[in-house]
Chemist: 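Quick one: structure below, then a few questions.
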Amino acid sequence: MATSTLRLVWLYPDLLSTYGDRGNLLVLAHRARARGIDVEPMQVRSDQHVPHGADLYLLGGGEDGPQAVAAERLLDDGALTKAANAGKPILAICAGYQLLGESFYANGRCYPGLGILDLRSDRGPSRAVGEIAGETAPMLGLGSITGFENHGGRTHLGEAVQPLAQVSAGIGNDGVTEGAWAGHVIGTYMHGPALARNPRLADLLLAWAMGINPNQLAPIDDTWPEALRNERFGALSNAE
Ligand code: GLN
């Protein structure tokens, strides 16, 4: 278990930072501090080295051009792949999620991804824009998830990853499944930001970063996140 300061690294805010994904860093820092856990949130731009030895890494979404540049720089740097191999938790959103796979499309070209997750992304028949919701695998203990998606890509999962959720609204990977996870790496199409709308996902990542079980984290007041979740799920059921 990590006893010193938790180092949370948000990678490439200059390239991958759409739809409020920085909020994921703020939510993690808030939920850790609310429990008396010291955190050091760090923002690492694409012209800087990815730090070795952080406790958790975050990637946001982005447009096709910055997504391709981000993948090239992360491949050159190599430290994120080493961190994943060492079991460090990673949360990657949309463009960040796609580039953790084997390959993805951007501006009509296929690019190599980091190969951290066994999946491939191509283009769909239309852009997936709007609310997304799903039911997660019971072993993750996350229940329902909610977010906002805006992407042209579709993602095809290989055998070495599990879907994060089965889609109940929206498109996600392909209209059936949403996101992926393997080990301590989670990818998702959910913006929103994802962790503000899914506090249990935030706590799972914190627990992984600390080397503990999520139920060892002290409860905190989730009145506001729960109200946000209820409002979002309510909007979806009213739209049916
Ligand atoms: N450029 C990617 C796509 O359209 C990712 C978009 C995003 O991150 N919102 O699929």
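Ligands are counted one by one from 1 in listed order, and the atoms in each one are counted from 1 as well.
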Chemist: Ring centroid separation for Tyr97 and Tyr189, is it under 6.0 angstrom?
Modeler: yes
Chemist: Kindly confirm or rule out an N or O of His151 lying under 3.5 angstrom from an N or O of ligand 1.
Modeler: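 In this structure, His151 places no N or O atom under 3.5 Å from an N or O of ligand 1.
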Chemist: For the 3.5 Å polar cut-off, considering only N or O atoms, please tell me whether Gly152 and ligand 1 meet it.
Modeler: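 Such a contact does occur with ligand 1.
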Chemist: Would you say ligand 1 has an N or O under 3.5 Å from any N or O of Gln67?
Modeler: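 It does: an N or O of Gln67 is found under 3.5 Å from an N or O of ligand 1.
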Chemist: I'd like to know if Glu149 contacts ligand 1, where contact means a heavy-atom distance under 4.0 Å to any ligand atom.
Modeler: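 Contact check Glu149 vs ligand 1: negative.
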Chemist: Any side-chain donor paired with an acceptor under 3.5 Å for Thr188 and Glu178?
Modeler: yes
Chemist: Are Asn173 and Arg154 close enough that a side-chain donor and a side-chain acceptor fall under 3.5 Å?
Modeler: no
Chemist: In this structure, are over 12 heavy atoms from other groups packed under 6.0 Å from Arg73 atom CZ?
Modeler: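 Count over threshold, so yes.
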Chemist: Judged by non-hydrogen atoms, does Tyr189 sit under 4.0 Å from ligand 1?
Modeler: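 No, Tyr189 has no heavy atoms under 4.0 Å from ligand 1.
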Chemist: Is any NZ, NE, NH1 or NH2 atom of the basic residue among Arg7 and Asp38 found under 4.0 Å from an Asp or Glu carboxylate oxygen of the other?
Modeler: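 No, Arg7 and Asp38 are not salt-bridged.
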Chemist: Is there any N or O on Glu63 that sits under 3.5 Å from an N or O of ligand 1?
Modeler: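 Glu63 vs ligand 1: no N/O contact under 3.5 Å.
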Chemist: Does His191, backbone or side chain, put an N or O under 3.5 Å from an N or O of ligand 1?
Modeler: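 Yes; at least one N/O pair falls below 3.5 Å.
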Chemist: Any idea which of Gly60, Ala68, Gly153, Gly62 brings a heavy atom closest to atom 8 (O) of ligand 1?
Modeler: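 Nearest heavy atom to atom 8 (O) of ligand 1 lies in Gly62.
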Chemist: Here's a test for you: under salt bridge (Lys or Arg N to Asp or Glu O under 4.0 Å), which of Arg123, Arg109, Arg127 qualifies with Asp64?
Modeler: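 The passing option is Arg123.
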